[in-house]
Amino acid sequence: MNTSNDHTFFINSHVFKAAKEQLISGPNGWLLFVACNNGIHLAQSVKTEYESMLKKNGNEFEEIPLIGTSNQPLTTVFKDTETCPRLHKHVAGANAFVFQCIHDNTSANSVNENVQQLLQAIRTLRAHRARTITVVIPYNPYSRQDKPSFMAREATLASLFVDQLKTSGADACLTYHPHTLSLYGFYEPEMMLIALSGLDLFVELFSEFKHSTDTVAVSTDAGGTKFTIHFSDAMNIPYAIANKYRPGKEKTSLIGIIGDISDKQVAIILDDETVTGSSLINTVKSLHDTYGIKKIYGAISHNKIQPQYLEKLIEAHQKYGLFELHTTDTIPQIEPVKELSFIKIHSLASRFAATINRLHFNQSVSELFLNIT
């Protein structure tokens with residue numbers, strides 16, 4: 001027996017088998033989806049959209065490989081609560097996209113537990129020679145802690161989270177409508193941050209109000225002014241800014257609204273996120289009671305609202321003109337929220353799929369979202 005030839009055949013057969021499995025290759029490796037335990041639904045929905053998009057364009061392939069499913073989760077939780085991710089297939093040479101919903105109102109896991117599982121997944125992929133690793137987190141955690149509060153002894157925990165991603169071995173991060181663009185400074189130059197703005201979705205949802213003279217865009221606070229101005233420019237409608245202060249950690253008081261909103265019939269309130277709904281609700285009440293606007297829309301990218309605050313949100317709908325509240329699925333929503341007919345939840349799967357396709361082939365992402373005027 002010629003063992004040398006047999007060995008060569010053994011190697012070549014495995015190369016051929018791997019080549020068949022590596023269905024969508026690109027400049028950064030072959031495409032692989034990896035779902036952390038809290039990112040399974042997200043990964044599967046993006047996978048479905050991506051495969052549908054490729055088939056519509058005449059691409060021939062079987063499916064995008066996915067590690068981490070409900071039947072075979074990536075991370076095992078031991079009885080002592082320690083965790084360990086295990087890969088059920090090879091990842092060497094892969095361009096891996098790792099999905100995790102770090103904030104999840106439907107899960108018993110805390111934010112920090114989900115962060116740790118994400119970091120372990122990245123390190124495991126790096127240890128087993130994934131070529132490039134992109135983290136897909138619809139909501140970037142700790143982004144509101146991009147600087148210490150005034151006169152408070154705090155650390156900048158947004159930068160700590162990014163440091164952890166870098167140390168674990170991530171190359172890039174894909175997220176949606178971050179609280180502040182200062183996050184770019186924490187990622188660059190070691191990592192690339194791809195932050196989808198959320199502007200194109202809201203312009204699309206409210207396209208019927210473009211060029212409307214009786215509609216106004218309203219920011220819930222000064223921090224969201226730039227986003228609201230970009231929205232009003234794209235819509236060709238005026239804007240206003242709610243002036244608020246926080247007397248307590250979970251309390252928000254509205255001082256007034258800056259801007260000319262006289263004779264307006266419709267208001268569109270924009271914000272990046274809400275936990276208690278207080279900023280949105282106070283703005284709704286002021287627009288309704290003080291300025292007489294009877295039809296009000298809410299547009300919030302990340303809805304983190306908890307069940308105990310839903311009663312006031314329902315009251316705003318029933319008494320103060322909150323006609324609809326539009327949000328996304330960046331935060332998996334609890335059933336009581338899904339049951340409210342005036343809350344519209346929009347999937348971002350197609351946007352993430354299109355963005356990942358661009359990243360996989362080293363193409364421009366911004367070209368996808370430029371046509372918003």
Side-chain angles (χ1 to χ4, degrees), residues 35-46 70 73 99-115 117 137-141 143-144 175-177 179 198 201-202 205-206 218 220-221 224 244 246 248-252 254 267-288 294-349 351-352:
C36 296
N37 288 15
N38 252 54
I40 293 172
H41 176 74
L42 172 65
Q44 289 177 332
S45 62
V46 175
S70 298
F99 296 80
Q100 177 71 313
C101 291
I102 294 177
H103 280 260
D104 185 350
N105 289 342
T106 67
S107 170
N109 281 6
S110 68
V111 167
N112 290 341
E113 287 173 317
N114 289 330
V115 167
Q117 288 192 20
I137 46 174
Y139 178 85
N140 193 305
S143 60
R144 293 194 296 178
T175 191
Y176 188 80
H177 196 171
H179 180 70
L201 174 63
F202 290 156
L205 292 177
F206 298 105
V218 183
T220 58
D221 56 26
K244 72 178 183 182
R246 293 184 183 275
K249 287 185 177 180
E250 294 189 356
K251 296 179 181 179
T252 302
L254 191 68
I268 303 171
I269 302 173
L270 299 111
D271 204 353
D272 63 318
E273 64 178 271
T274 186
V275 178
T276 66
S278 59
S279 295
L280 172 70
I281 293 167
N282 288 337
T283 305
V284 167
K285 288 181 177 179
S286 180
L287 290 169
H288 182 273
K294 305 303 180 184
K295 193 168 188 179
I296 303 170
Y297 294 85
I300 297 177
S301 290
H302 311 288
N303 183 25
K304 299 159 68 176
I305 199 163
Q306 299 295 313
Q308 63 267 33
Y309 303 111
L310 286 179
E311 185 177 345
K312 290 184 177 180
L313 195 62
I314 295 171
E315 182 185 38
H317 170 63
Q318 294 175 340
K319 297 182 180 180
Y320 299 101
L322 180 59
F323 182 67
E324 287 179 350
L325 173 58
H326 292 266
T327 189
T328 72
D329 59 354
T330 57
I331 312 291
Q333 297 297 301
I334 56 176
E335 287 302 320
V337 170
K338 293 180 180 179
E339 292 169 359
L340 296 175
S341 60
F342 70 94
I343 297 182
K344 312 298 181 182
I345 303 171
H346 303 276
S347 172
L348 296 177
R351 282 172 168 78
F352 280 123

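Index from 1, following the sequence. Values reported hereafter were calculated over all heavy atoms of this structure, with side chains retained and with hydrogens, waters and symmetry mates removed.
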Qualifying residues under ring-ring contact (aromatic ring centres under 6.0 Å, His included), relative to [X], sequence neighbours excluded:
| X | answer |
| --- | --- |
| Y139 | H103, H302 |
| F352 | none |
| H317 | F342 |

With no hydrogens and no angle check, is any side-chain donor or acceptor of [X] less than 3.5 Å from a backbone partner on [Y]?
| X | Y | value |
| --- | --- | --- |
| D221 | G224 | yes |
| Q100 | N114 | yes |
| Q306 | T276 | no |
| T283 | S279 | yes |

Looking at [atom1] of [X] and [atom2] of [Y], how far apart are the two atoms once the value is rounded to the nearest 0.5 Å?
| X | Y | atom1 | atom2 | result |
| --- | --- | --- | --- | --- |
| I345 | L340 | CD1 | CG | 9.0 Å |
| D271 | T220 | CG | OG1 | 3.0 Å |
| K344 | L205 | NZ | CG | 11.5 Å |
| S278 | I305 | OG | CD1 | 9.0 Å |
| T274 | L325 | OG1 | CG | 8.5 Å |
| I300 | T327 | CD1 | OG1 | 6.5 Å |

Where do [X] and [Y] come nearest, in terms of heavy atoms and distance?
| X | Y | value |
| --- | --- | --- |
| G298 | L280 | CA-CD1, 4.3 Å |
| A299 | F206 | CB-CE1, 3.8 Å |
| P332 | T106 | O-CG2, 3.7 Å |

Quick one: list whatever passes side chain to side chain contact (heavy atoms under 4.5 Å, CB included) with [X], sequence neighbours left out.
| X | answer |
| --- | --- |
| Q44 | I40, L66, T69 |
| E339 | E335 |
| P336 | L310, I334 |

- Message: If you define the side chain from C-beta out and look only at heavy atoms, does anything of R351 sit under 4.5 Å from L201?
- Response: yes
- Under the side-chain contact (heavy atoms from CB on, under 4.5 Å) rule, what do I343 and L313 come out as? Steps first, then yes or no, please. CA-CA 10 Å; I343 297 182; L313 195 62; 3.9 Å; yes
For [X], all residues meeting side chain to side chain donor-acceptor pair (under 3.5 Å), sequence neighbours excluded:
| X | value |
| --- | --- |
| H326 | E324, H346 |
| N37 | none |
| T328 | T330 |

- Worked check of side-chain contact (heavy atoms from CB on, under 4.5 Å) between V115 and I102: CA-CA 6 Å; V115 167; I102 294 177; 3.7 Å; yes
- Query: When you look at V275 and R144, which way does the side-chain contact (heavy atoms from CB on, under 4.5 Å) test go after all the steps?
  - Reply: CA-CA 12 Å; V275 178; R144 293 194 296 178; 3.9 Å; yes
- Item | Donor-acceptor side-chain pairing of H177 and D272 below 3.5 angstrom | no
- Query: Taking only residues two or more places apart in sequence or in another chain, which ones pass salt bridge (Lys or Arg N to Asp or Glu O under 4.0 Å) with K294?
  - Reply: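 Salt bridge (Lys or Arg N to Asp or Glu O under 4.0 Å) check on K294 returns nothing, list empty.
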- Provide the full list of salt bridge (charged side-chain N to carboxylate O under 4.0 Å, His left out) pairs with a residue in residues 101-115, sequence neighbours left out, each pair given once. none
- Item | Qualifying salt bridge (charged side-chain N to carboxylate O under 4.0 Å, His left out) pairs, either residue in residues 304-317, two or more places apart | E273-K304, E315-K319
- Query: Name the one of L348, I137, N140 that satisfies side chain to side chain contact (heavy atoms under 4.5 Å, CB included) with Y176?
  - Reply: L348
